[in-house]
2 protein chains.
Amino acid sequence: MKRPFPSRRSFLTTGATGLGGVAVGAAASALLFDDHASTPAADLVTGLGTTAVATPFPHQAGISVPARQQSHGTVVAFDLVATASAGQLKTLMKAWTAAIADLTAGRVPAGSSEATDTTALGSGPCSLTITVGFGPSLFGKAGVSPDARPPELAPLPAFGTEQLDAARSDGDLGVVIAADDALVVFHALRTLTRAAAGTATPRWIMSGFSRAPGSSPDAASTSRNLMGQLDGTNNPTPAQPGFEGKIYVAADAPTAWLRGGSYLVFRRIRMLLDSWDAQTTAEQERVIGRHKDTGAPLSGGTEHTPVNLSGQNPDGSLAIRGDAHIRLAAAASNGGATILRRGLSYDDGLKPDGQPDAGLLFLAWQADPNHGFIPVQQHLTRSMDALNRFTTHETSALFAMVPAPAADGYLGQALLEPRSA
Amino acid sequence: MKRPFPSRRSFLTTGATGLGGVAVGAAASALLFDDHASTPAADLVTGLGTTAVATPFPHQAGISVPARQQSHGTVVAFDLVATASAGQLKTLMKAWTAAIADLTAGRVPAGSSEATDTTALGSGPCSLTITVGFGPSLFGKAGVSPDARPPELAPLPAFGTEQLDAARSDGDLGVVIAADDALVVFHALRTLTRAAAGTATPRWIMSGFSRAPGSSPDAASTSRNLMGQLDGTNNPTPAQPGFEGKIYVAADAPTAWLRGGSYLVFRRIRMLLDSWDAQTTAEQERVIGRHKDTGAPLSGGTEHTPVNLSGQNPDGSLAIRGDAHIRLAAAASNGGATILRRGLSYDDGLKPDGQPDAGLLFLAWQADPNHGFIPVQQHLTRSMDALNRFTTHETSALFAMVPAPAADGYLGQALLEPRSA
């Protein structure tokens, strides 16, 4: 059969077209092009489609790498079927490990072919990342000992003001899929779902978006959420001291199978946009504690100026109000608790009452939720965060996102085969 | 207040950054930069963010312009409130006309400011188009005479196999919003919704996606749907003889207010992906009549080779089966009936039964639905299109999409002020 367009593999390895022109780093080249070792890395010029994200061992990709949130993401939870055995769970994790290696490199997954698996054919990897973890409810199923569950993976406590939908919360397995093309994300979702058939089925699926690459002239600029705020200004960055220890489980942590992993708290946060839009801009800025257009804190400066929580207005009042969101969420207000925030906006149309079913898919990454999301959210609810009036936490999930698999291993192996760890 | 990033307007007019590097055509420059007439058009180098789509008078943008479907789209229907007057409806259409001119040029809408309307601040127009029309149910409301409804705008007949959800079908006003950034689409949706407050409220909203620019090395290549098929290969193009007359209402058509407009049939078509994936690739190809990977018709050739409906296999059987989708949908099988198809894939997670709530937001544009969608769909259902087993039409709407507004006029003016037409 004639092929008027290149295969996914040939597209990746010959890809000199596309937008932008970003050279793949040597590490990524070595990972992806090991069967084309003669290709000089400098010749591998990539763009939106051809960009592949290398695994930042010992971590999975999709947490702090890539630095920029891709423009599309799907978060999916799977539940094991009642009959799933320990062997089936291991087989599934091996299958996902192999599929993820292929998909994130832009290859048709092994066991399939370009004639049959065509949904993303013609598209490059588009910075696809797929990040896998285990929920509290996995422990006690399919041969996973209840005793293996680390104390940090206890179900989250109840928080004031949340209105959780149990059917769209929690799950045995959690997967975050993100890329700069929605079709590539969907194809990955379908591939993982098919691979799970007979062992696990999707419990819930939610999808969202962030700014498209190239939409803004400043690629490094902070993206905005549906309330119009710059969202993520104060995120920790890997260049900051202590980042690794706050976001990733330490190499000497007691839970051996999770060393190099991270805890993900996932919340679907509905925004009450009609109420929000009815506020004056000045009131919206007081609720958050930042200027809406520039993102600068109300205590002065520009977007990235450190927040001065004791700064005062000329009349002596606090520049950042007592119930302002950034005051209550600040690490300084929470004993240094830190999270790495990723966010995807969602627009799911209308609620039955005609109000927007829209908001934020909120992902908080941390080495320990007890020193991350939990104290921050407890503080926000107990101290009556002004933002609470305009948001509703609708769903919640906690997953222990495992480390990257060893070169010849698979995701979660150190838990599922503890003797080999 | 310091501005660490450019305003939407300055971004547009100074935009020399961004991906790609596509020069805005002279027509677009004249339209968009009339207040910066000294800027040479050749200096206006644009990319994904900075690309603005000019109105192709007498048509609205978003039908056959731009040629490439943008990567994100939202289709929204509004119903007038019961008390809406003729004056309110005119005021709304004037407000939408002004907002659309601003939004599609990347400007903050008049009456707002960059301090308050920040959701898309920092993003360019991203090829935003907004296309507006009237549904059958508008006639008889808000001073619009029932007698003004053209016969072509009669509600669609019932089709076999459809399972329509009335609450997510039809509507007084229909709007299609599309751009290469989902946040820009959402911002436009909110802007139009706020402008309608007190006159019309959203009846339903659906969103979908197509391939991101740069995802594929061949920017002109056909996009794929969630079944993995190339979708839209046989679309008519403006370069073909008779295109204008088949897609747009003629300049001498009896319905004076719609001259230059087009009829939109919108269907939410769910794909039964688990059933589809259970078929062999050969059977999938027989259902459609094309090869899955290349899109070439089973009668031979490559993707764009004309389909030979009488072509035979070596054993004498028809190469394209009697119930194949492309046979039954072909213009040759429907008295020459032609539609311009646009499609957006949607992934709305899971249905209550755990099956994918995913498929195609199908937009069919034509000068007359009686010579477009209606006969084709009747033929597809009566002749037992093989694809019917794998799809369900869940919602339906028909809108008369009005011509572009005159330079100092507004959308729908020729209907709402017939004496001035």
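Only heavy atoms go into these numbers, but all of them, side chains included; no hydrogens, no water, no symmetry mates. So that the names make sense, note that chain A is the first sequence line, chain B the second, and so on, each numbered from 1.
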So, taking the atom named [atom1] in [X] and the one named [atom2] in [Y], what distance separates them when rounded to the nearest 0.5 Å?
| X | Y | atom1 | atom2 | result |
| --- | --- | --- | --- | --- |
| A:Phe209 | B:Phe209 | CZ | CZ | 13.0 Å |
| B:Leu48 | A:Ser216 | CG | OG | 11.0 Å |
| B:Leu350 | A:Arg168 | CG | CZ | 11.0 Å |

Regarding A:Arg190 and B:Asp274, does a basic nitrogen lie under 4.0 Å from an acidic carboxylate oxygen?
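Yes.
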Does the distance from a Lys or Arg side-chain N to an Asp or Glu carboxylate O, for B:Asp277 and A:Arg194, drop under 4.0 Å?
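A:Arg194 and B:Asp277: salt-bridged.
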[X] versus chain B, heavy atoms under 4.5 Å apart: side chain, backbone, both or neither?
| X | result |
| --- | --- |
| A:Leu189 | side chain |
| A:Arg203 | backbone |
| A:Ala179 | neither |

Expected output: side-chain B:Thr118 to main-chain A:Gly228 donor-acceptor under 3.5 Å:
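Present.
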Hey, does the side chain of B:Asp181 reach the backbone of A:Ala212 with a donor-acceptor pair shorter than 3.5 angstrom?
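Side chain of B:Asp181 to backbone of A:Ala212, a donor-acceptor pair under 3.5 Å: yes, one is there.
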Name the region of B:Asp180, side chain, backbone, both or neither, that has any atom closer than 4.5 Å to a heavy atom of chain A.
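Contact with chain A involves the backbone of B:Asp180 alone.
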Region of B:Ala167 in contact with chain A, defined by heavy-atom distances below 4.5 Å:
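Neither part.
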Would you mind telling me which of A:Asp347, A:Thr280, A:Leu226, A:Val76 has the largest number of heavy-atom pairs within less than 4.5 Å of chain B?
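So the answer, after comparing A:Asp347, A:Thr280, A:Leu226, A:Val76, is A:Leu226.
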If you tally heavy-atom pairs under 4.5 Å against chain B, which of A:Val185, A:Leu183, A:Asp348 wins?
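Heavy-atom pairs under 4.5 Å are most numerous for A:Leu183.
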What class does the angle between the rings of B:His72 and A:His72 fall in, given that below 30° is parallel, 30 to 60° is tilted and above 60° is perpendicular?
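Aromatic pair B:His72/A:His72 classed parallel.
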Counting heavy-atom pairs under 4.5 Å with chain A, which one of B:Ser71, B:Gly349, B:Ala182 comes out on top?
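Option with the top pair count is B:Ala182.
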Selection from B:Leu273, B:Thr201, B:Asn225, B:Thr193 maximising heavy-atom pairs under 4.5 Å formed with chain A:
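Ranked by contacts with chain A, first place is B:Leu273.
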Nearest heavy-atom neighbours spanning A:Arg211 and B:Ser123
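Result for this residue pair: CD-OG, 3.4 Å.
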Can you check side chain to side chain contact (heavy atoms under 4.5 Å, CB included) on B:Arg224 and A:Thr119, steps first, answer last?
CA-CA 6 Å; B:Arg224 290 184 183 271; A:Thr119 305; 5.7 Å; no
Are A:Thr116 and B:Thr281 close enough that a side-chain donor and a side-chain acceptor fall under 3.5 Å?
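Side-chain D/A pair, A:Thr116 to B:Thr281: absent.
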